[in-house]
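The next block holds one structure in the form of structure tokens; read it before the comments.
In what follows, every heavy atom counts, from backbone to side chain, and hydrogens, waters and symmetry copies are set aside.
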Amino acid sequence: MRLLKNKKLSHIVLSAVMALSALISVGMAPAAHAVNPYEIEVRFDTMHTSSFTSGMVCAEPASTGTEAKVVLTFPTGFTVSSTTSNWTVSTTNTGWPTGALAWPSIATATAAAGQVVTFPSGDLTVGTMYCFNWTNTSAALQNPSSPGASEVGSVTTQTSAAATIDTDSFATATIANDTVVVTATVPPTFTFALSGNTDALSTLTAGTIKASPTPVTATVNTNAKNGWTVWAKDANTGLSSASAGYTIASTTPGTHSILTTTSEGYNTGVTFTQTGGSQTPTVPAVFTGGTLGYGGGLNTTLAPIIGSTGTANNAVVTLTNNVNVVGSTPAATDYTDTITVVGAGLF
């Protein structure tokens with residue numbers, strides 16, 4: 001009897017152990033691999049109420065099948081053209097998701113009725129994102145006339161027999177105004193500076209044309225869109241000596257002159273450089289310098305010596321004074337002239 005009881009007890013324990021092992025095995029069974037989710041994105045290139053819009057369609061297939069169609073269902077409230085030729089497409093990347101490929105064999109819609117537009121499609125690979133754009137901006141799709149949120153549509157891929165392979169919904173919104181107007185003000189600017197206020201021609205020798213050893217420059221910076229001008233005049237219409245009571249006269253003010261070694265003369269030649277600007281400055285022919293003795297005579301009336309029809313970035317205007325004396329020019333140490341240089345922008 002004791003032996004029989006021990007056998008029954010062993011069977012009960014063994015059964016309990018087996019049941020517990022089975023329970024543990026079930027609880028620890030590896031989970032099944034999840035199927036890739038079907039991902040879609042539909043972008044409307046404008047969300048403005050009542051506006052016609054082009055757009056983008058992207059989908060990443062989750063189910064194996066041979067795609068032949070993609071069916072785009074627009075939310076209620078959108079006006080969808082039933083003319084298939086309005087539903088032209090392109091595969092130009094217009095901000096597609098990273099890694100997306102052009103939708104294979106996509107072409108102009110083959111059917112359009114109600115809210116549904118059907119396009120041809122090539123076969124897609126599971127797990128790869130594909131995109132295309134519908135391109136008509138004036139006749140294919142019109143947004144609702146009133147703002148709205150969570151407007152729901154869908155994207156469905158089908159076989160050639162119109163059997164669904166993948167389908168899912170998307171949501172969009174329509175707003176009264178989808179634009180941001182950016183405004184700014186650029187205040188007018190004008191800076192003007194002279195490099196110095198003296199020009200020492202030093203000792204003059206008869207028959208030798210002398211030019212400014214260190215010409216004074218005027219630097220212009222301005223955003224005046226219509227241009228800028230620099231003017232100059234002198235106080236004496238020449239180099240004047242109070243002690244000698246004599247003036248080496250400016251050579252033919254108002255016309256260009258070229259000093260010679262045989263004639264007394266005095267003029268100002270102008271050259272320039274410019275780092276940047278919307279237009280290239282121009283020196284009037286009267287004051288064209290750059291060669292010893294070339295320039296124009298100044299008088300007591302402001303005359304334009306350089307100008308531009310655009311902005312200036314570091315326009316440097318060089319004023320070179322030229323003088324020649326002859327044997328009969330009275331001797332004196334106080335020959336002087338004062339040249340006034342001013343500038344302005346045309347805003």
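- At least one side-chain heavy atom of Leu319 sits less than 4.5 Å from a side-chain heavy atom of Val341.
- Cluster partners of Val152, using a side-chain heavy-atom cutoff of under 4.5 Å among ILVMFWY residues and allowing indirect links: none.
- Across Thr208, Leu239, Asn267, Thr329, a single residue satisfies side chain to side chain contact (heavy atoms under 4.5 Å, CB included) together with Val323, and that is Leu239.
- No hydrogens or angles considered: a donor-acceptor pair under 3.5 Å links the side chains of Asn223 and Thr189.
- A donor-acceptor contact under 3.5 angstrom links the side chains of Thr46 and Asp178, judged on distance only.
- At least one side-chain heavy atom of Thr128 sits less than 4.5 Å from a side-chain heavy atom of Leu101.
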Working for side-chain contact (heavy atoms from CB on, under 4.5 Å), residues Phe287 and Leu298 | CA-CA 9 Å; Phe287 292 101; Leu298 294 171; 3.5 Å; yes
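- Taking Ile, Leu, Val, Met, Phe, Trp and Tyr as members and joining any whose side-chain heavy atoms lie under 4.5 Å apart, directly or through other members, Val181 forms no hydrophobic cluster with any other residue.
- Hydrophobic side-chain contacts under 4.5 Å tie Leu346 to no other Ile, Leu, Val, Met, Phe, Trp or Tyr residue.
- Within the structure, the side-chain hydrogen bond (donor to acceptor under 3.5 Å, both in side chains) test picks out the following pairs touching residues 303-317 (sequence neighbours left out): Thr275-Asn314, Ser278-Thr311.
- If you check the side chains of Thr53 and Asn143, you find no donor sitting under 3.5 Å from an acceptor.
- Side chains of Thr251 and Ser257: no donor on one and acceptor on the other come within 3.5 Å.
- With hydrogens and angles left out, the side-chain atoms of Ser241 and Asp334 include a donor and acceptor closer than 3.5 Å.
- Looking at Thr94 and Arg43, their side chains do bring a donor and an acceptor atom within 3.5 Å of each other.
- Using a 30° and 60° split on the angle between ring planes, Phe170 and Phe44 fall in the tilted class, from 30° to 60°.
- A donor-acceptor pair under 3.5 Å is absent between the side-chain atoms of Gln158 and the main chain of Ala163, judged by distance alone.
- Proximity of a side-chain donor or acceptor of Gln115 to a complementary backbone N or O of Phe78 within less than 3.5 Å is detected.
- Looking at Glu264, its side chain never comes within 3.5 Å of a backbone N or O of Ile248 through a donor-acceptor pair.
- The distance between the ring centers of Phe190 and Phe347 does not fall below 6.0 angstrom.
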Given Thr88 and Asn136, is the side chain to side chain donor-acceptor pair (under 3.5 Å) satisfied, shown in steps?
-> CA-CA 6 Å; Thr88 52; Asn136 194 316; 5.2 Å; no
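- A donor-acceptor pair under 3.5 Å is formed between the side chain of Tyr130 and the backbone N or O of Thr125.
- The heavy-atom pair separating Thr174 from Glu151 by the smallest distance is OG1-OE1, 2.8 Å.
- Tracing side-chain contacts under 4.5 Å through hydrophobic residues (I, L, V, M, F, W, Y), one never reaches Trp228 starting from Val342; they form parts of separate clusters.
- Judged purely by atom type and a 3.5 angstrom limit, Asp234 has no side-chain atom pairing as donor or acceptor with the backbone of Thr338.
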Could you go through the side-chain contact (heavy atoms from CB on, under 4.5 Å) check for Thr318 and Phe272 one step at a time?
-> CA-CA 6 Å; Thr318 301; Phe272 73 91; over 6 Å; no
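- Checking Thr252 against Thr255 by side-chain atom types alone, a donor-acceptor pair falls below 3.5 Å.
- Residues passing the side-chain hydrogen bond (donor to acceptor under 3.5 Å, both in side chains) test with Asn221: none are found, sequence neighbours excluded.
- At distances below 3.5 Å, at least one donor-acceptor pair connects side-chain atoms of Lys210 with backbone N or O atoms of Leu201.
- Linking ILVMFWY residues whenever their side-chain heavy atoms come closer than 4.5 Å, directly or via other members, places Val57 and Tyr38 in the same cluster.
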Show your working on side-chain contact (heavy atoms from CB on, under 4.5 Å) between Thr157 and Leu124 and close with a plain yes or no.
-> CA-CA 10 Å; Thr157 54; Leu124 309 179; 4.3 Å; yes
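- When side chains are defined from C-beta on, Trp103 does not count as touching Cys131, because their heavy atoms never get closer than 4.5 Å.
- When only modelled atom types and interatomic distance are considered, Thr179 and Asn177 share a side-chain donor-acceptor pair under 3.5 Å.
- Side chain to side chain, Asn299 and Thr237 fail the donor-acceptor criterion of an N or O pair below 3.5 Å.
- Aromatic rings from Phe74 and Trp134 are positioned such that their centres are separated by under 6.0 Å.
- The hydrophobic cluster containing Met56, built from Ile/Leu/Val/Met/Phe/Trp/Tyr side-chain heavy atoms closer than 4.5 Å, also comprises Trp96.
- Without hydrogens or angle criteria, Thr222 side chain to Ala224 main chain gives a donor-acceptor distance under 3.5 Å.
- No side-chain donor from either of Ser121 and Glu67 sits under 3.5 Å from a side-chain acceptor of the other.
- Not one N or O on the side chain of Asn322 forms a donor-acceptor pair closer than 3.5 Å with the backbone of Tyr266.
- Between Glu41 and Pro97, some side-chain heavy-atom pair lies under the 4.5 Å cut-off.
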